[in-house]
There are 2 protein chains.
Amino acid sequence: MRQAVTSNDIIEMVRDAGLRPTRQRLSLARLLFSGGDRHVTAEQLHSESLGQGFSVSLATVYNTLHQFTTAGLLRELVVDAGRSYFDTNISAHHHLYFEDSGILRDVAGDNVAIGELPALPEGAKISRIDIIIRVKDCAPAA
Amino acid sequence: MRQAVTSNDIIEMVRDAGLRPTRQRLSLARLLFSGGDRHVTAEQLHSESLGQGFSVSLATVYNTLHQFTTAGLLRELVVDAGRSYFDTNISAHHHLYFEDSGILRDVAGDNVAIGELPALPEGAKISRIDIIIRVKDCAPAA
DNA sequence: ATTGTTTTTAGAATCATTCTAAAATGGCTT
DNA sequence: AAGCCATTTTAGAATGATTCTAAAAACAAT
């Protein structure tokens, strides 16, 4: 597990991603990477940081999430039309999506085995395989 | 393959879905179901119908796509944040998504085997398993 | 300090989608 | 065919997530 707890870890992580360790990037990185694995939307992260008492603009949250994603620190996740989640767990794994509550949960990559794949066209490379197990939680959230 | 070619097939199909066979629903159904399998967005279907000379409002296209989806005639597909595709192939299968060109292609369901699944929480039911194989087509679309 | 580059920001702009309330249509019944 | 009521369609406004823009702030290097 790649988990950064100390301030130095965080600074290192951001710098290694080729990004200047600015106040806002560090604060966001701390929120993202110093707990367990998380699935967050931009809005969530934004209000979370406001709640913690440091203000970032929403635009910066979006910028940072994308920068972290292209740097390989995050993985973008498309489960719901019109809402992007970002996953701090970048190891091979899949997802359980509770449609009613909107909650996402990781499924260990080796819990799901993929058999033979179709032949790909010339020159194409698989960039990722997403498996989403959509679940209806029948029990009402009482 | 469930393919409706004659006008009567189309009318039947819409009526069986519990929907009135109105002019716009029939026209849209014809576009959707009388060729091979398709993956369309609302915008695509809308401009396609305008191109064919019959006008539908975009709102009606959205309404109809959703009605067909809940009736089980279509399957909604989330591959790209902020854009919904609708798939006329409702049999068990998965998808190849060409990230660069935005093209979607079906993968026969039995080409991909899923191994053991994680235990689900009490009362939860799997509604669907989506597998998306994301492909970078390295060859430029010359 | 000065300069030049990178980042952040507020607010406007965009895009897909949904909503709204009104007009049109469809399917009865007579 | 005429009238009636429920269903559909529609144009346009509203929404919500995301991106863009141009200006201000922060940063790094001289």
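What you are looking at is a predicted structure, and each value in this text was computed from that prediction instead of being measured.
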Using whole Å, what does the distance between atom [atom2] of nucleotide [N] and atom [atom1] of [X] come to?
{"X": "Leu26(B)", "N": "dT8(D)", "atom1": "CG", "atom2": "P", "answer": "12 Å"}
{"X": "Leu65(A)", "N": "dT19(D)", "atom1": "CG", "atom2": "P", "answer": "10 Å"}
{"X": "Leu50(B)", "N": "dA11(D)", "atom1": "CG", "atom2": "P", "answer": "10 Å"}
{"X": "Leu19(A)", "N": "dT8(C)", "atom1": "CG", "atom2": "C1'", "answer": "14 Å"}
{"X": "Leu45(A)", "N": "dA17(D)", "atom1": "CG", "atom2": "C1'", "answer": "15 Å"}
{"X": "Arg15(B)", "N": "dT7(D)", "atom1": "CZ", "atom2": "P", "answer": "16 Å"}
{"X": "Gln24(A)", "N": "dA24(D)", "atom1": "CD", "atom2": "C1'", "answer": "13 Å"}
{"X": "Arg83(B)", "N": "dA17(D)", "atom1": "CZ", "atom2": "P", "answer": "18 Å"}

N/O (side chain, [X]) to phosphate O (OP1/OP2, [N]) under 4.0 Å:
{"X": "Gln67(B)", "N": "dT8(D)", "value": "no"}
{"X": "Thr22(A)", "N": "dT8(C)", "value": "yes"}
{"X": "Ser57(B)", "N": "dT10(D)", "value": "yes"}
{"X": "Tyr62(A)", "N": "dT18(D)", "value": "yes"}
{"X": "Arg25(A)", "N": "dT8(C)", "value": "yes"}
{"X": "His46(B)", "N": "dA16(C)", "value": "no"}
{"X": "His66(A)", "N": "dT19(D)", "value": "yes"}

[options]: which one has an atom nearest the side-chain heavy atoms of [X]?
{"X": "Arg20(B)", "options": "dG27(C), dA17(D), dA16(C)", "result": "dG27(C)"}
{"X": "Glu43(B)", "options": "dT7(C), dT17(C), dT9(C)", "result": "dT17(C)"}
{"X": "Leu58(A)", "options": "dT7(C), dT18(D), dA6(D)", "result": "dT18(D)"}
{"X": "Arg23(A)", "options": "dT19(D), dA16(C), dT9(C)", "result": "dT9(C)"}
{"X": "Pro21(B)", "options": "dT9(D), dG27(C), dT9(C)", "result": "dG27(C)"}

Rounded to the nearest 0.5 Å, the OG1 atom of Thr60(B) sits from the CG atom of Leu65(B) at a distance of 10.5 Å
- [ ] Report which part of the nucleic acid Thr41(B) touches: base, sugar-phosphate, or nothing (heavy-atom distance under 4.0 Å, all strands).
- [x] nothing
**Message:** Mind checking if Thr64(A) touches a base, just sugar-phosphate, or nothing, with heavy atoms under 4.0 Å?
**Reply:** nothing
**OP:** Mind telling me whether His93(A) and His95(A) have parallel, tilted or perpendicular rings, with 30° and 60° as the class edges?
**Re:** perpendicular
Do the ring planes of Phe68(A) and Phe33(A) sit parallel (below 30°), tilted (30 to 60°) or perpendicular (above 60°)? tilted
| task | List the steps, then state whether salt bridge (Lys or Arg N to Asp or Glu O under 4.0 Å) holds for Glu48(A) with Arg38(A). | result | CA-CA 13 Å; Glu48(A) 192 173 325; Arg38(A) 320 191 46 187; 2.9 Å; yes
From the list Ile103(A), Ile132(A), Leu77(A), side chain to side chain contact (heavy atoms under 4.5 Å, CB included) with Tyr97(A) holds only for Ile132(A)
- Query: Can a salt bridge be assigned to the pair Asp130(B) and Arg75(B) using a cut-off of 4.0 Å between side-chain N and carboxylate O?
  - Reply: yes
Between Ala81(B) and Ala59(B), the residue closer to the 5' end of DNA chain D by nearest nucleotide is Ala59(B)
